Structure formats: C-alpha cells, structure tokens
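Report on one structure; see the data block that follows.
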There are 4 protein chains.
Amino acid sequence: MQNKEHNDKRERIIKAATQVFAQNGFYNSKISQIAKLAKVADGTIYLYFKNKDDILISLFEDEMNKIIKNVRDEIAQESGFENKLRKFIEKHLNLIGENRQLAEVMQIELRQSHKFMKGYSGTKFSDYLNIISTIIIQGQKEGKVRQDIVPGVAKRILFGALDEISSYWVLSKNKKYSLQLSGKIIGDIFIDGVLNPDKNLVSAG
Amino acid sequence: MQNKEHNDKRERIIKAATQVFAQNGFYNSKISQIAKLAKVADGTIYLYFKNKDDILISLFEDEMNKIIKNVRDEIAQESGFENKLRKFIEKHLNLIGENRQLAEVMQIELRQSHKFMKGYSGTKFSDYLNIISTIIIQGQKEGKVRQDIVPGVAKRILFGALDEISSYWVLSKNKKYSLQLSGKIIGDIFIDGVLNPDKNLVSAG
Amino acid sequence: MQNKEHNDKRERIIKAATQVFAQNGFYNSKISQIAKLAKVADGTIYLYFKNKDDILISLFEDEMNKIIKNVRDEIAQESGFENKLRKFIEKHLNLIGENRQLAEVMQIELRQSHKFMKGYSGTKFSDYLNIISTIIIQGQKEGKVRQDIVPGVAKRILFGALDEISSYWVLSKNKKYSLQLSGKIIGDIFIDGVLNPDKNLVSAG
Amino acid sequence: MQNKEHNDKRERIIKAATQVFAQNGFYNSKISQIAKLAKVADGTIYLYFKNKDDILISLFEDEMNKIIKNVRDEIAQESGFENKLRKFIEKHLNLIGENRQLAEVMQIELRQSHKFMKGYSGTKFSDYLNIISTIIIQGQKEGKVRQDIVPGVAKRILFGALDEISSYWVLSKNKKYSLQLSGKIIGDIFIDGVLNPDKNLVSAG
DNA sequence: GATGAATGAGATTTCATTCAT
DNA sequence: TATGAATGAAATCTCATTCAT
C-alpha cells in the first residue's frame with residue numbers, strides 16, 4: 001500500500017515532468033510547475049529524485065525500458081529481415097504519433113542535455129539502437145543484406161532518418177506528410193539501399 | 001578601419017561563443033565567459049547582439065550563409081544526380097570533421113533552442129535542406145530516381161542520417177568509424193534506395 | 001501561527017523598506033539592504049512583494065489605510081466645521097512628527113514615483129484628501145464657509161500647505177519653527193480665509 | 001562665435017533634458033536619450049556638465065534665475081501687499097501653465113532628488129520663496145497683515161498650496177478646474193486668512 | 001572641442017534545493 | 001513521508017562615464 005502510493009506519486013511526477021519539459025524545454029521548466037501539475041509539494045519531488053537532471057534521466061530510462069520491451073516483443077513475432085525492419089519503423093513512428101509529448105522530450109531535450117549530465121551513460125539508448133543492428137546482422141546472415149554494410153553505422157543511418165522525420169513532424173504546425181507515408185518511404189529507401197544486388201535481381205526477375 | 005575593428009569584434013564574439021556553447025551548452029554558458037574569451041567587456045557584447053539568444057541565432061545564420069554558399073558552389077561543379085548527391089554528403093561530413101565545435105553547437109544547441117526563440121523562422125536551415133531536394137528532383141527528371149520518392153520527405157531522411165552520424169561522431173570519445181566510411185555507406189544506401197529499379201536492372205545487366 | 005509568522009515577515013520588510021527608502025530614496029535603495037535590515041534573505045522579499053515598486057506601493061497603501069482610519073475616527077469625535085478642521089491639521093502634523101521616516105517616504109518618494117507605476121490608481125491618497133473636502137462641505141452646509149470656495153480645490157490648498165510645511169520640517173536640519181506653531185498658523189489662515197464674511201462680521205461685532 | 005556655439009549646445013542639452021526628465025523622470029531618463037534629442041554625442045554632454053545630477057541642478061538653477069528675475073520685475077510694478085501677492089500667484093500659475101514640462105521637472109524630480117545631490121544647497125529655491133515672505137513683511141508694515149503670521153511659515157503655506165494645485169494640474173488628465181479659478185481661490189483664502197481683522201472690519205465697513 | 005565605442009560595476013530577480021514542522 | 005516557506009547564489013543586462021581618435 002505504502003509502496004503503491006509511492007509508485008503512484010513517482011509516476012505522477014514523471015508524467016507531469018514529461019508534459020512540462022515538452023512544453024517549455026528542460027531549462028525553461030520549473031520544479032514548481034512540475035510539482036503543481038503532479039499535485040505534490042515542491043519538496044516531495046526531492047524524495048523521489050535526486051535533482052532536476054535526475055527527473056529527465058529517470059523519465060528517459062523508464063520510458064525506454066517500456067519501449068524497448070514493447071518493440072522487441074513485436075519484432076520477435078515477425079519473421080525475416082525485411083518484415084522485422086518494417087515493423088521496427090512502424091513501431092517507432094507509432095510511438096511518436098501516439099505520445100507526442102514524450103517524443104518531444106526524448107528527441108529534443110535529452111539530446112541536448114545528456115552531454116551535461118555527469119554519470120549518465122546512455123545505455124538505454126544504445127540498447128534501442130541495437131535492436132536495429134541485430135536485425136541488419138540477421139539480414140546479412142540470411143544473405144539479404146550486403147556484407148559491406150556496417151551494422152553499427154547502418155543502425156544510426158536508419159535511426160537518424162526516423163528521428164529527423166519525427167522531429168519535423170513533432171515541431172511543424174502543418175503536418176504536410178503523414179507519418180505513415182514517411183515511414184513507407186524510409187522503409188523503401190533503406191531496405192532497397194541495403195539489399196544485396198544479386199538477390200535484388202533474383203527478386204526482380 | 002572603424003568598420004574593420006567593428007567586424008573584428010563581432011567575429012571574435014561569435015567565435016568565442018561557438019567555443020563556449022560547444023563546451024558547456026547554451027544554457028550553461030555564461031555571457032562573462034564569452035566576453036572573457038573574446039577579450040571584450042561583458043557590456044560590449046550587447047552592442048553587437050540583442051541578448052544571449054541573439055548570439056546563438058546570429059552564430060547559426062552567419063555560419064549557415066557561408067556553408068550554403070560553399071556547398072552550392074561545389075555541387076554546381078558536379079554533373080548528374082549521383083555525383084551531386086555524393087558531393088553533398090562529402091561536404092556535409094567534411095564540415096563536421098573540420099570544425100567540431102561549430103558542429104556541436106549547430107547540431108545540439110540549436111535544435112534544442114530554436115523551439116523557444118520566438119520570431120526565429122529557421123529559413124537558413126530550410127535553405128540548406130532544399131539543396132538536397134533540388135538534387136533529388138533533378139534525379140527524378142533524369143529518370144534516375146523513382147517517382148514515388150517525395151523529395152520533401154527524402155531530404156529529411158538523408159539529412160537525418162547525416163546528422164545522426166555526425167552527432168555520434170561529435171559526441172563519442174572513441175571514433176569507431178571514420179566519417180569517410182560512414183559517408184560512403186550513407187551514399188550507397190540512400191542512392192541505391194531511391195534509384196529507379198528499371199535503371200537498376202539495366203545498370204546491373 | 002503560520003499566519004502570524006507570515007505577517008510578521010511582511011511587516012518587517014515594510015518597516016525595513018520605510019527606513020531604507022527614507023534614508024536613500026527609492027532609486028538609491030537596494031533590495032539587499034532592505035532584506036538585511038529585515039533579517040530575511042533577498043529572495044524572501046519576492047514571496048511577499050511582486051517587485052521593488054510593489055514594496056513602495058504596498059507600504060503606502062498599508063500606512064494610508066491605518067492613517068485614514070485613525071484620522072476619520074478622531075474627526076468624528078469633534079463637532080463643527082472649525083474643530084474638525086483644526087483636528088485634521090493637528091493629526092496630520094502629528095503623524096509627520098511622530099514617524100519621520102514614514103513621512104519622508106510618503107512625501108518624497110511616492111510623489112516622485114507614482115507617475116511611473118502603471119496601474120496604480122492612487123485611490124488611497126484620494127480618500128485622504130476627501131476627508132478635507134467632506135469637512136469643507138459640512139462647513140458650507142453650516143453656513144460657515146463661503147459658497148464660492150470649491151471643495152475640490154480647497155482640499156488641495158490645505159493639503160499642499162500642510163505637505164510643504166511637513167516636507168520642510170522633514171528635510172531641514174535645524175527645525176526653526178515647531179510643527180505646532182506652523183499648524184496653528186495654517187489653521188488660522190485657512191479657516192479665516194474660507195469663512196463667510198457675514199459670519200465674520202457678526203463674530204467680530 | 002565659439003562661445004555662441006558653446007551656449008547653443010549647452011542650452012540644447014538643458015532643453016532636451018527638461019523634456020526627457022519630464023517624460024520619464026530623472027532616474028528613468030538615459031543620458032543617451034538626452035544626447036540624441038539634443039543632437040550631440042553622449043560624450044559631449046560631459047563637456048558641459050559634470051554628471052547626470054549636474055544636468056538636473058543646472059537646469060533648475062538656470063530656469064530659476066530666469067523665473068525669479070521675471071517674477072520680481074513684475075511684482076515691482078504692482079503696489080500694495082494684496083496686488084503684489086495676487087500677481088505672484090498669477091505669475092506662478094502662468095509659468096506652470098505655459099511650460100508644463102519644466103514644471104513637471106521642477107515639481108517632481110527636483111523635490112525627490114535634491115536630498116541626494118551632495119553639495120546642492122537649494123539657494124535658488126529659497127530665493128524664490130523669499131519673494132513671498134518679502135511681500136508678507138511689507139503687508140505687515142502696511143498694517144494689513146496680522147503680526148502673528150510668521151512670514152517664514154506663511155511663505156511655505158502659500159507655496160505649498162500653489163505647488164499642490166500645480167502638481168495636480170500637471171499630472172491629472174482631465175483638468176477639472178482651471179488654473180485661473182484655482183488661483184483666484186488660493187488668493188481669496190490666503191489673503192483673507194492673513195488680513196488683520198481690524199482692517200477687515202474697516203474695509204468691510 | 002566633439003565623438004561614440006567600449007567599459008565594467010552593480011542590482012534585480014529567479015529558482016533549485018533545503019529543512020523545520 | 002509530505003510540505004512549502006525560506007534561502008541565497010548566481011547571471012543577465014543596463015547605462016553612466018571615459019578616452020582614444
């Protein structure tokens with residue numbers, strides 16, 4: 001019970017922080033705003049988090065854990081390199097589309113801030129990227145993906161593309177292109193781009 | 001003479017700000033640090049810039065102007081969609097490699113901050129991205145690039161990939177992959193990914 | 001208890017501000033001085049007041065409320081136009097004499113500042129002046145005061161006279177004339193000056 | 001020629017300062033504003049005045065010299081205590097009416113500031129007030145004014161009344177009462193108020 | 001004399017964090 | 001645990017004044 005109450009408050013703070021950070025940016029957000037929105041006292045926040053930075057990091061890690069688990073589960077249900085990759089793209093963009101505020105914080109704030117947060121390793125983010133490289137490696141084993149594609153580079157290329165599309169979508173007022181259309185194009189370009197030309201011929205023949 | 005001195009000071013401040021912002025991030029940078037590094041009095045900065053935000057924006061616009069001009073000139077000397085695109089990628093990554101501090105500020109700080117700078121339109125950034133879409137459109141006219149590739153989406157996909165690779169390179173201590181290698185892979189994936197399959201077959205045949 | 005502490009601090013700040021403003025003038029007074037004298041932290045002041053201007057206005061309104069109530073009560077106990085007016089004069093000068101610092105602030109600082117305090121209506125001051133006009137109107141009803149005396153003008157004439165005498169007394173080092181003597185002369189001049197000549201004749205006859 | 005130019009600049013600065021001080025108050029006025037309005041460089045002001053305070057004091061003394069001379073001359077042409085006094089009131093209010101900006105500065109700024117200007121004696125102001133006491137003393141010699149009226153007090157009473165009326169007129173948007181009407185009432189009250197009652201009877205008889 | 005760019009001291013205000021209750 | 005009043009360090013920006021030209 002105590003514990004439940006505890007978690008409840010922690011979660012309320014994280015949720016409020018997500019909203020506030022998304023709206024004002026990390027540096028322009030005030031602890032008191034978060035406290036107010038979470039319906040706790042300012043001081044209470046310091047019972048759950050070491051300091052302001054810690055809220056951002058915790059928020060990120062909490063959400064990343066959920067996301068990584070979720071994405072991994074879904075991808076496990078797909079078979080074949082291409083299907084898995086398209087599923088990853090779909091899931092990523094869905095997450096952005098469904099939780100815009102979280103997306104903003106993760107995209108904008110964390111990128112800016114993590115350089116300055118001592119002791120933060122960014123492992124979770126690495127874990128997320130490695131979902132992509134694992135798929136690519138599998139593709140190479142399947143003989144689908146060219147051997148000269150370095151998975152450690154390719155994972156960043158795909159993530160960067162997704163991230164930029166997401167940023168634009170999050171920040172722009174008039175959403176010119178849907179996330180779905182963008183996702184399709186990303187998938188087309190990336191998959192065609194990494195495919196083994198031999199297989200390509202075969203599949204085209 | 002007066003004018004030269006004037007420009008000199010303005011430039012010194014921009015240069016110092018680049019260094020300081022890169023090192024500490026915009027919000028953790030102090031005007032006094034910049035002034036000290038630029039060897040001017042704190043107050044002098046306000047003769048050249050409206051406020052702290054204005055330094056960041058000016059820095060960005062100044063550099064963007066130079067970069068855009070430079071990149072456009074170089075691309076103009078190349079012929080054909082593929083050459084132009086590879087040149088763009090090469091130039092972008094060279095800029096990152098040659099001026100790491102500037103790159104850090106442009107990549108990290110501006111992305112975070114521009115949301116909060118009222119009245120800043122970000123035209124320069126748009127201009128830069130449009131160099132890419134112009135090349136893609138040319139590729140479509142040449143019959144090289146598939147018609148279902150939306151240039152407005154593709155430009156962000158390529159930029160996102162370059163940007164992420166650059167961010168990683170800028171932030172990581174041990175630079176595992178060279179920018180050159182990464183650039184080659186980006187080019188390979190992106191170009192193969194957008195090529196018209198018919199041409200592809202022909203070129204493969 | 002909480003509340004008492006609260007009021008205590010607010011009052012301590014007001015009191016300290018009165019002293020500091022009186023000594024240095026509003027613009028030459030520093031928040032830190034006031035805080036130090038009030039034995040609170042600089043930031044604490046901003047829990048009770050919006051800004052520096054607000055301290056001055058609050059100080060004025062707080063004191064005016066007390067003064068107006070006090071003066072009105074005392075005047076209510078007097079009967080007849082002349083007695084009431086002499087009592088007003090006596091009370092006004094007593095207030096100056098008893099609380100020189102408050103007087104200085106109210107006389108000098110507020111007069112200078114209120115032009116620049118947007119949104120400050122100065123109602124309290126008006127209320128105070130209207131105590132005088134009320135007495136004059138009563139005098140006119142009693143047939144004592146000439147009908148051609150415009151109460152709205154006369155109230156300022158009397159207040160101006162009192163104010164100048166007070167300013168002089170507050171600012172001059174060697175107080176040549178006592179407030180009492182000055183008060184008597186003001187009363188003599190003003191009352192004789194507004195009396196109905198007919199009554200005057202009668203009373204002289 | 002040099003000298004004429006010199007005076008011209010000095011005067012332009014004084015004139016500009018009057019305008020700027022009147023509009024913004026002394027402490028909210030910037031040297032650069034005054035310089036701009038006077039069409040001189042900021043630094044030029046320091047060739048004519050020691051510092052910002054000195055501008056205010058000089059402005060005051062310059063104008064006071066003119067005013068005192070002017071008022072004295074006009075009064076000298078009147079005969080008898082009552083005429084002289086009414087002329088003084090008329091002149092004072094005319095000055096306010098004719099040069100509102102100067103009036104504002106003299107009334108509001110100087111009053112506030114002179115406490116804080118080291119070494120400023122305020123002699124000119126004293127000279128001005130003594131015009132009044134001289135008239136009153138003459139009135140006492142003529143047997144018109146009661147002996148128990150202390151001229152040093154009475155001069156402040158009259159000045160205070162005039163000053164308050166003027167302040168109100170200068171600051172209020174809708175000028176409810178004309179300066180002329182107010183002047184008549186001040187004269188009526190003050191003169192009747194100081195007159196010897198014996199003379200009063202005689203003059204009434 | 002005249003200029004105006006440069007100076008740099010200094011004050012208000014904010015806000016993360018603490019701690020007595 | 002929870003509170004929220006109090007703290008006080010710290011930073012942006014202003015502007016009177018100076019001084020090299």
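If you're wondering where the values come from, they're calculated on a predicted model, not measured in any experiment. Here is the naming used below: chain letters follow the sequence lines, and residue numbers restart at 1 for every chain.
Closest contact between the side chain of Ile31(C) and the listed nucleotides dT7(F), dC13(F), dT13(E) involves dT13(E). Side-chain proximity of Ala41(B) to the nucleotides dG8(E), dT17(E), dT3(E) is greatest for dG8(E). For Lys30(C), whose side chain is taken as the heavy atoms from C-beta onward, the closest listed nucleotide among dA11(E), dA6(F), dG4(E) is dA11(E). Checking dA5(F), dA2(F), dT17(F) against the side-chain heavy atoms of Leu47(A) singles out dA2(F) as nearest.
Taking atom CZ of Phe26(A) as the reference point, atom P of dC15(E) lies 13 Å away to the nearest angstrom. Atom CG of Asn51(A) and atom P of dC15(E) are 17 Å apart (whole Å). Between Ile45(B) atom CD1 and dG8(E) atom P there is a gap of 13 Å when expressed in whole angstrom units. Look at CD on Gln33(C): it is 13 Å from P on dG10(E), rounded to the nearest Å. Rounded to a whole Å, the CZ atom of Phe49(D) is 15 Å from the C1' atom of dA2(E). We find that NZ of Lys36(B) is positioned 15 Å from P of dT7(E), with the value rounded to whole Å. Summarising the geometry, the separation between CG on Asp42(D) and C1' on dT18(F) is reported as 12 Å, rounded to the nearest angstrom. We find that CG of Leu56(C) is positioned 16 Å from C1' of dT12(E), with the value rounded to whole Å.
Comparing Gly43(A) and Lys39(C) along DNA chain F, the residue whose closest nucleotide (by nearest heavy atom) sits nearer the 5' end is Gly43(A). Annotation: of the two residues near DNA chain E, Val40(B) and Lys50(C), the 5′-most nearest-nucleotide partner is Val40(B).
Taking the ring centre of Phe26(D) as origin, the terminal cationic atom of Lys52(D) falls inside the region bounded by 6.0 Å and 45° from the ring axis.
Taking side-chain N and O atoms only, Tyr46(C) has no distance below 4.0 Å to OP1 or OP2 of dA6(F). The phosphate of dA2(F) has OP1 or OP2 within less than 4.0 Å of a side-chain N or O from Tyr48(A). Taking side-chain N and O atoms only, Lys52(C) has no distance below 4.0 Å to OP1 or OP2 of dA11(E). Note on Lys9(C): a side-chain N or O is less than 4.0 Å away from OP1 or OP2 of dA6(F).
In this structure, Ile14(B) and Phe49(B) have side chains that are in contact, with non-hydrogen atoms separated by less than 4.5 Å.
Taking CD1 from Ile34(B) and CD from Gln19(B), the interatomic distance works out to 10.5 Å, rounded to the nearest 0.5 Å. Of the inter-residue distances, the one linking Ser167(B) atom OG with Met106(B) atom CE reads 12.0 Å to the nearest 0.5 angstrom. Between atom CD1 of residue Ile57(B) and atom CG of residue Asp62(B) there is a gap of 12.0 Å, rounded to the nearest 0.5 Å. For the atom pair NZ (Lys30(D)) and CG (Asn28(D)), the distance works out to 5.5 Å, reported to the nearest 0.5 Å.
Among all heavy-atom pairs drawn from Val20(A) and Ser29(A), the shortest one is O-OG, 3.2 Å.
Note on ring orientation: taking the six-membered ring where Trp is involved, the planes of Tyr27(B) and Tyr27(A) are parallel (angle under 30°, cut-offs 30° and 60°).
Helical stems in DNA chain F, defined as runs of 3 or more consecutive Watson-Crick or G-U wobble pairs with both donor-acceptor distances under 3.5 Å, are listed by first residue as E:2-21 with F:2-21.
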